[in-house]
> 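Got a structure for you, questions after.
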Amino acid sequence: MTASSALSAPDPGASTLAIELVGVSKSFGPVQANKDIHLAVRKGAIHGIVGENGAGKSTLMSILYGFYHADAGEIRVNGVTTPIPDSQAAIRAGIGMVHQHFMLVEPFTVLENVILGAENGALLRPSLARARAELKRLEQEYELDVDPDAVVGELSVGHQQRVEILKALYRECDILILDEPTGVLTPAEADHLFRILGHLKEQGKTIILITHKLREIMAITDQVSVMRRGEMVRTLTTSETSPAEIAELMVGRRVLLRVEKGPARPGETLLEVRNLSVTDAKGVARLKSVSFAVRAGEILGVAGVAGNGQSELLEVLAGYAPATSGEVLFKGRPLDLSRHTNADDRRDVGIAHVPEDRHRRGLVMAFAAWENSCLGYHREERLQGGFGTLDRDAIRDLARKGIERFDIRPPSCDLKTANFSGGNQQKIVLAREIEREPEVLLIGQPTRGVDIGAIEFIHNEIVALRDRGKAIVLVSVELDEIQALSDRIIVMFDGAISGERAAGQTDERELGLLMAGIDPGKGRAA
Amino acid sequence: MDLPVVLQLLDSSVRLAAPLLLACLAGLYSERAGIFDIGLEGKMLAAAFVAAATSAYTGSAWFGLLGGMAASILLALVHGLASITLRGNQLISGVAINFLASGMTALIGQSLFGLGGQTPQLDGPQRFGALTLPLAETLHGVPVLGPIWSDLVSGHNLLVYVAFLAVPATWWVLYRTRFGLRLRAVGENPAAVDTAGVSVVRLRYGAVVIAGVLCGIAGAYLSTAMSAGFIRDMTAGKGFIALAALIFAKWRPWPALFACLLFGLLEAVGIRYQGIRIGDFAVPVQLMQALPYVLTVVILAGFVGRAIPPRAGGRPYVKER
Amino acid sequence: MTPALPRWADLVLIPGLNLALAFLVAGLVVVFIGEDPIRAVRILIQGSLGSSYGIGFTLFYATTFVFTGLAVAIAFHASLFNIGGEGQAALGGVGATLVCLAVPWPHWALALPFAILGAGLLGGAWAFIPGYLQAKRGSHIVITTIMFNFIASALVVYLLNNVLKAPGMSLETRKFGEGTYLPFMHEMLGAIGIEMSRTPMNLTSILALAAAFLTWLLIWRTRLGYEIRAFGHSEPAAVYAGIDPVRITILVMVMSGAMAGLMALNVVMGYQHRLVLDFVGGAGFVGIAVALMGRSHPVGVILASILFGILYQGGAELAFEMPAITRDMIVVIQALVILFTGALENLVRLPVERVFARRARG
């Protein structure tokens with residue numbers, strides 16, 4: 001790696017480096033997640049690590065935090081070679097980590113979570129007292145206000161994240177790793193987080209920020225390292241680079257998320273959502289009186305930060321979650337929203353659904369590909385073999401056709417689904433859902449964890465479906481994807497629609513504000 | 001019913017509740033740490049046999065107790081190997097341990113003593129005898145409180161007191177110590193414990209071994225304190241009643257005490273009154289015997305308060321990927 | 001990431017090694033109690049397979065285990081662990097008994113369909129409640145089925161004491177009418193000129209084969225089976241596919257319970273011709289070992305059932321020839337099989353996977 005040549009003379013710079021990774025490699029079975037990684041993080045800096053899903057960022061940081069063992073390579077902390085066999089060693093070396101999925105014990109209080117693993121003494125009382133005092137100090141120093149006696153499970157996501165940061169600080173970490181910290185935050189919460197990170201930096205802490213959001217990198221980091229397919233591509237000084245350059249390094253070529261598509265020719269209204277609301281089992285309102293309509297021959301993009309009601313919207317529309325109130329009309333006829341077992345009825349009327357989470361929902365991983373090619377459609381007349389059996393030959397034929405048309409590799413319908421790559425698994429789902437020429441396609445995160453080549457293919461299929469006069473509801477947290485595909489865009493914030501725009505008449509900045517719940521167009525005709 | 005009868009009934013409830021309580025608390029440690037344990041029955045049975053056999057050979061109930069605990073801990077370690085190290089199915093492991101204990105005790109018992117799976121009769125120092133608490137004699141004449149002290153509280157063997165003292169001890173360990181905090185955490189979210197730099201494996205093994213120790217005492221109680229020797233399958237479902245009590249108590253120590261006392265009382269009443277009449281309806285003995293199980297099903301069904309097990313219970317801990 | 005194992009390793013090598021380990025430990029137990037394991041195995045095989053008498057008994061036991069094993073296997077496919085086979089079988093026995101005693105049946109062929117219905121219905125009903133509670137109220141099926149075993153045992157004792165008891169000391173019903181006796185295998189074979197010793201093996205053995213075939217059809221060929229497997233592998237995917245988890249859970253449990261209940265045909269209607277207390281005798285639990293060993297596949301279940309039939313019959317001979325090895329040895333082996341093929345499966349699987357991964361890499 002020539003990119004790491006700056007590290008070839010370790011001595012002079014050593015004392016100014018908080019973290020140094022030398023030749024770190026890691027594989028999981030046949031998959032090489034990290035290949036000969038070299039990384040140098042300066043003390044007191046905010047260092048970004050960017051890369052697409054699956055680029056190996058999280059694995060690398062898990063190695064640094066002692067969660068995984070590297071197959072090869074060396075870790076140096078503050079210039080000293082430090083083996084990190086487990087998290088305990090990482091903590092001793094002054095490294096703290098805020099994981100993407102929080103590592104909190106929900107029924108415990110904030111205080112109990114903070115002391116867990118860092119208790120002083122075998123009895124809890126002195127530990128709790130000490131932590132209470134320490135939390136008060138940290139709160140004043142870093143704007144980290146959390147009620148120490150609150151039960152963590154009842155806190156908002158933003159507050160839970162603060163508990164994670166407090167845990168790291170309580171362990172007196174000097175180096176803090178944050179893995180995709182803003183993925184679950186509202187923009188306001190993200191701003192607050194960045195202020196906290198700013199304070200931490202002022203106090204001399206080193207921060208490593210893993211993200212795939214270029215905006216965050218540009219806004220807050222000092223250096224940025226780009227990873228691609230398990231390799232460290234280059235480390236840049238943020239002020240001397242541009243989002244375009246980083247993006248290019250991330251994907252290995254110029255990002256061309258411009259899909260070839262002509263203007264939409266919308267026809268009749270197929271799906272109409274009226275005042276749809278969902279309150280979950282805990283009594284939290286997940287969807288708040290959402291209304292919109294989708295017409296034949298158009299793609300409606302649903303943008304928003306993850307967790308603002310998009311998933312619930314898809315679940316209700318697809319028929320596996322009940323709505324609390326409101327109605328959904330398909331071609332003017334109301335759909336049953338009362339049960340969580342309506343998925344069948346949706347398919348019957350011609351509403352297909354590519355779910356957000358294909359691993360858990362869209363596919364049965366243990367099934368052969370052909371068995372998944374009829375999941376949800378296994379009651380179709382043409383697939384029945386009589387006496388309650390399924391016609392296996394008919395299903396296999398169907399599967400083979402899908403494999404051919406969608407160029408699924410390897411082209412074997414008997415292979416276990418889990419053994420296909422992410423992109424090919426997604427194609428199995430798409431083939432199944434598009435093959436029936438549905439009137440409406442609900443599609444969630446169509447290209448999450450999918451390689452670049454497949455992304456283009458999937459995008460083209462979606463546009464082709466639109467051009468055949470179908471209506472498409474596209475939910476994605478990737479703003480680029482929304483912009484490239486949609487004809488119309490609605491933005492969701494906190495369970496409600498914060499704005500609607502025609503795709504050609506808006507930009508990233510405006511959509512970003514809407515995603516934060518701020519409508520810059522208020523006063524302008526909607 | 002007059003006082004002596006009530007006292008006798010309560011007295012035998014206490015005796016019957018003690019092994020349930022020990023096994024129930026054993027399950028509590030294990031399940032609070034995220035390891036389901038339906039092998040309480042088997043561990044108790046193995047301990048009962050080894051305790052009686054050791055006591056018969058050595059002539060000391062104390063060696064018997066140690067032997068019983070060792071047998072129970074051995075099975076607990078098998079359960080740990082299966083469910084912690086090898087990430088197998090904890091329920092299946094529990095089933096296997098129950099059968100292993102049932103078969104082995106009878107087989108080895110026959111091979112050692114040739115008494116059809118029983119151990120010889122134990123007496124004297126081979127058993128845990130009744131302890132008389134201070135003042136039991138002197139206070140006997142005092143109305144009400146006197147008999148309660150001397151007949152109900154005093155006069156049990158040592159292991160009964162151990163069982164009842166284990167309740168506050170467990171409460172204290174669980175809620176007042178570092179170990180307890182970590183134990184409860186590992187049953188809810190082992191990843192949180194792991195990333196906090198604490199070994200999930202060591203904690204869970206710790207919990208499983210404690211369960212082994214407590215089941216060991218429970219087993220020794222059955223064969224060397226409550227009875228005078230081991231007979232085949234002498235646990236007779238007590239391990240499952242303890243499991244039921246644990247669910248009944250929603251995995252908390254003090255409610256576990258009350259659940260075990262209740263089930264002990266049910267058993268005592270069933271033994272003493274073969275036919276209870278409520279009005280014209282004769283309550284069959286079998287109904288009394290089935291009642292703990294029926295109550296547990298009712299509780300599990302959530303008709304009377306919901307029993308929510310520790311969140312990570314039953315699932316082996318695997319680092320994400 | 002688990003590297004893909006070749007099919008033969010998954011289906012033959014690993015279960016084979018697990019079983020070998022279980023028997024190795026069993027052999028050590030025999031050595032520990034001072035007997036010769038090789039000789040024990042010889043007696044075991046001789047006693048179970050060495051004569052038509054032994055074979056008849058072996059297959060009689062195996063027939064029972066096919067039903068209880070299939071019961072556990074069906075539930076496994078839906079990711080449900082039904083430990084309640086023992087209680088469901090007991091209730092199945094009550095069902096068959098009620099049918100047999102209700103009418104003076106003129107011929108077994110007439111009684112059989114109703115007895116199947118009766119045994120299946122009550123066995124199924126006893127599994128329905130845990131299934132319903134799991135599906136609707138989220139009560140853990142393992143705990144409820146355990147509890148239902150005890151409740152069933154109390155219930156049967158009550159019925160035999162108060163309702164169905166025949167005059168006399170022992171807890172059993174009066175003898176059924178001869179019009180309900182299923183033909184014995186030696187009778188059927190004798191009719192076509194084949195000599196066989198008198199054994200309890202009866203028509204039910206053929207029904208067991210049919211039950212295994214129907215189970216195979218159900219799981220791998222029918223739409224319902226497809227839904228059961230989808231649900232068993234991933235509940236969210238099943239819901240997405242429009243499969244109702246409540247319906248599947250309850251249906252599977254009822255089918256599982258009914259299957260367990262049908263074992264009563266073999267023992268109650270085919271052999272004892274009356275309901276005897278504790279006629280199930282742990283067969284419900286053997287079903288767990290059988291299903292685990294047979295990897296929940298009907299063919300595997302049949303093979304594993306025969307193995308346990310050999311153990312049961314040969315074990316009886318063994319206890320006679322070598323008094324130190326009592327019939328409890330069977331329970332020990334059963335425990336070891338459950339332990340090594342179920343709970344400790346990874347003891348063998350992980351090293352085997354490592355070997356294959358290394359070979360795949362070259």
Side-chain angles (χ1 to χ4, degrees), chain B residues 36 38 42 78-79 81-83 85-112 114 116-117 232 237 240-241 243-244 247 284-294 296-297 299-303 306-309 314 321, chain C residues 1 29-30 32-35 81 83 129-130 132-134 136-140 142-144 146-159 161-162 282 285 288-289 292 323-347 349-350:
Chain B
F36 279 166
I38 60 174
V78 171
H79 189 51
L81 178 71
S83 39
T85 307
L86 293 173
R87 296 170 198 155
N89 186 319
Q90 302 172 5
L91 299 166
I92 292 175
S93 168
V95 170
I97 282 168
N98 288 336
F99 287 126
L100 198 60
S102 167
M104 288 288 254
T105 51
L107 190 66
I108 297 178
Q110 173 65 16
S111 143
L112 288 183
R232 298 178 59 120
F240 293 105
I241 299 222
L243 197 63
I247 295 163
V285 200
Q286 291 83 16
L287 183 63
M288 299 291 295
Q289 286 165 351
L291 209 52
Y293 306 110
V294 175
T296 303
V297 171
I299 284 284
L300 267 176
F303 295 120
R306 199 134 184 77
I308 300 162
R321 170 115 261 254
Chain C
M1 283 279 162
V29 172
V30 172
F32 178 77
I33 54 179
E35 294 285 354
F81 187 12
I83 310 196
I129 309 170
Y132 175 86
L133 291 177
Q134 158 98 45
K136 284 280 197 185
R137 320 277 317 182
S139 333
H140 201 299
V142 170
I143 307 291
T144 42
I146 290 176
M147 300 299 143
F148 264 66
N149 281 339
F150 288 103
I151 300 173
S153 130
L155 181 65
V156 171
V157 173
Y158 172 77
L159 288 177
N161 257 317
N162 303 39
F285 296 122
I288 299 169
L292 282 171
I325 307 178
T326 61
R327 296 204 57 169
D328 303 300
M329 189 68 210
I330 301 169
V331 180
V332 172
I333 294 178
Q334 176 187 333
L336 291 170
V337 167
I338 296 178
L339 192 64
F340 283 100
T341 61
L344 293 175
E345 205 217 357
N346 283 340
L347 195 65
R349 177 172 290 275
L350 295 180

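Chain A is the first sequence line, chain B the second, and so forth, proteins listed ahead of strands; every chain is numbered from 1. Heavy-atom basis, side chains included; hydrogens, waters and symmetry copies ignored.
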> Less than 4.5 Å apart, any side-chain heavy atom of C:Val157 and any of B:Gln289?
no
> Counting only non-hydrogen atoms closer than 4.5 Å, does C:Phe148 touch chain B with its backbone (N, CA, C, O), its side chain (CB onward), both, or neither?
side chain
> Please state whether the side chain, the backbone, both or neither of C:Ile146 comes within less than 4.5 Å of a heavy atom of chain B.
side chain
> So what's closer than 4.5 Å to chain B heavy atoms on C:Leu339: side chain, backbone, both or neither?
both
> At a heavy-atom separation under 4.5 Å, does C:Tyr158 approach chain B through its side chain, its backbone, both, or neither?
both
> Given the options C:Asn346, C:Leu350, C:Ile288, which has more heavy-atom pairs under 4.5 Å with chain B than any of the others?
C:Asn346
> On the 0 to 90° scale, with breaks at 30° and 60°, tag the C:Phe150-B:Phe240 ring pair as parallel, tilted or perpendicular.
tilted
> With a 4.5 angstrom heavy-atom cut-off, could you sort out which part of C:Leu133 is near chain B: side chain, backbone, both or neither?
side chain
> With respect to chain B, which residue among C:Ile129, C:Ile143, C:Thr144, C:Asn162 yields the maximal number of heavy-atom pairs within a distance under 4.5 Å?
C:Ile143
> Please state whether the side chain, the backbone, both or neither of C:Asn149 comes within less than 4.5 Å of a heavy atom of chain B.
neither
> Given that the side chain runs from C-beta out, which part of C:Val29 has a heavy atom under 4.5 Å from chain B: side chain, backbone, both or neither?
side chain
> Tell me, for B:Ser93 versus chain C, whether the close heavy atoms (under 4.5 Å) come from the side chain, the backbone, both or neither.
both
> Give me the atom names and distance for the closest heavy-atom approach of C:Asp328 to B:Gly103.
CB-O, 3.6 Å
> Considering all heavy atoms of both residues, which atom of B:Ala244 and which atom of C:Met147 are nearest to each other, and what is their separation?
CB-CE, 3.8 Å
> As an exercise, state the distance from CG of B:Leu100 to CD1 of C:Ile333, rounded to the nearest 0.5 Å.
11.5 Å
> Determine, step by step, whether B:Val95 and C:Phe81 satisfy the side chain to side chain contact (heavy atoms under 4.5 Å, CB included) criterion, reporting the C-alpha distance in whole Å, the side-chain angles of both residues, the deciding distance to 0.1 Å, and the verdict.
CA-CA 11 Å; B:Val95 170; C:Phe81 187 12; 4.2 Å; yes
> Specify the closest pair of heavy atoms between C:Ile338 and B:Phe99, including all atoms of both residues, with the distance to one decimal.
CD1-CD1, 3.9 Å
> For the residue pair B:Ile92 and C:Gly342, what are the closest heavy atoms and their distance?
CG2-CA, 3.9 Å
> Given that the side chain runs from C-beta out, which part of C:Glu345 has a heavy atom under 4.5 Å from chain B: side chain, backbone, both or neither?
neither
> Work out which heavy atom in B:Ala96 is nearest to a heavy atom in C:Ala335; give both atom names and the distance.
O-CB, 3.5 Å
> Can you list everything that forms a ring pair (Phe, Tyr, Trp, His ring centres under 6.0 Å) with C:Phe340? Sequence neighbours excluded, please.
none
> Could you tell me the separation between the CE atom of C:Met329 and the OG atom of B:Ser111, rounded to the nearest 0.5 Å?
11.5 Å
> Could you tell me if the side chain of C:Ile83 sits less than 4.5 Å from the side chain of B:Ile38, heavy atoms only?
yes
> Hey, which of C:Leu336, C:Leu344, C:Ile330 has the most heavy atom pairs under 4.5 Å with chain B?
C:Leu344
> Between B:Leu91 and C:His140, what is the shortest heavy-atom contact and its length?
CD1-CE1, 4.0 Å
